[in-house]
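In what follows, every chain begins at residue 1, and chains take the letters A, B, ... in the order their sequences are listed.
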Amino acid sequence: MAKPNYQELVFDITRLIPPGRVSSYGAIADYLSLGSARMVGWALRTSFVQDGVPAHRVVNSKGELSGRANFTPPSLMQKLLEAEGVKVENDRVVNFKEVFWHPEELGW
DNA sequence: GGATTGACGTCTG
DNA sequence: GCAGACGCCAATC
């Protein structure tokens with residue numbers, strides 16, 4: 001059945017994140033009306049194994065790479081972010097508010 | 001089928 | 001302003 005799971009929803013939003021930008025769980029949760037940021041974290045956790053989903057662009061509201069431990073290797077998350085132009089230091093996004101991206105920015 | 005877990009966020013003290 | 005507790009809903013064991 002073509003029943004879109006939460007994963008697909010978070011998937012879609014995560015894939016829409018432009019390079020050099022980072023999104024937060026709360027923003028995605030709010031955009032998808034999930035009601036809980038945990039849903040986003042859980043979805044990404046089970047989805048980060050998928051390809052084409054820049055899960056490394058999704059951080060918590062503090063700009064911390066919370067899920068870096070799930071990456072292989074964990075430093076890969078920071079490496080990918082830096083490779084896209086997002087400066088990461090101390091496992092946190094530098095100028096987080098400047099690189100912060102919201103799904104509503106797509107223009108709907 | 002039930003209990004636990006999970007990349008967080010928000011509220012209250 | 002900081003710290004701790006709760007809530008949220010679905011998937012997995």
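Side-chain proximity of A:Tyr6 to the nucleotides B:dA7, C:dC9, C:dC8 is greatest for C:dC9. Side chain of A:Trp42, nearest nucleotide from B:dA7, B:dG9, B:dG6: B:dG6. Of all nucleotides listed (B:dG6, B:dG9, B:dA7), B:dA7 comes nearest to the side chain of A:Phe71. For A:Met39, the listed nucleotide lying nearest its side chain is C:dA10; candidates were C:dA10, B:dA7, B:dG9.
Using a 4.0 Å heavy-atom criterion, one finds that A:Ser66 contacts the sugar-phosphate atoms exclusively. Using a 4.0 Å heavy-atom distance criterion, A:Ala55 is classed as a base contact.
Taking atom OH of A:Tyr25 as the reference point, atom P of B:dG9 lies 8 Å away to the nearest angstrom. Counting to the nearest Å, the P atom of B:dA7 and the CG atom of A:Leu81 are 18 Å from each other. Atom pair A:Arg92:CZ and B:dC8:C1' shows a separation of 16 Å (rounding to whole Å applied). If you take CD1 of A:Ile28 and C1' of C:dA10, they are 17 Å apart, rounded to a whole angstrom. At whole-Å resolution of the value, CD in A:Gln7 and P in C:dA11 are 8 Å apart. Between the CG atom of A:Leu9 and the P atom of B:dA7 there is a distance of 20 Å, given to the nearest Å. With rounding to whole Å, A:Leu65 atom CG is found 11 Å from B:dC8 atom P. In this structure, CG of A:Leu44 is placed 21 Å from P of B:dT5, rounded to the nearest angstrom.
In terms of modelled atom types and a separation under 3.5 Å, the side chain of A:Arg57 and the main chain of A:Ile17 share a donor-acceptor contact. When atom types are taken as modelled, the side chain of A:Asn60 and the backbone of A:Lys62 share a donor-acceptor pair closer than 3.5 angstrom. Panel note: side chain A:Thr46, backbone A:Trp42; a donor-acceptor pair is recorded below 3.5 Å.
Between A:Met39 and A:Leu34 the shortest heavy-atom distance is CB-CD1, 3.9 Å. A:Glu82 and A:Val88 make their closest contact through OE2-O, 3.3 Å (heavy atoms, listed as atom of the first residue, atom of the second, distance).
Between A:Asn70 and B:dA7 there is a side-chain polar atom (N or O) within less than 4.0 angstrom of OP1 or OP2. When the side-chain nitrogen and oxygen atoms of A:Ser61 are compared with OP1 and OP2 of B:dG9, one or more of them lie within a distance under 4.0 Å.
Checked by distance alone, A:Arg38 brings no side-chain donor or acceptor within 3.5 Å of a matching partner on the base of B:dG9.
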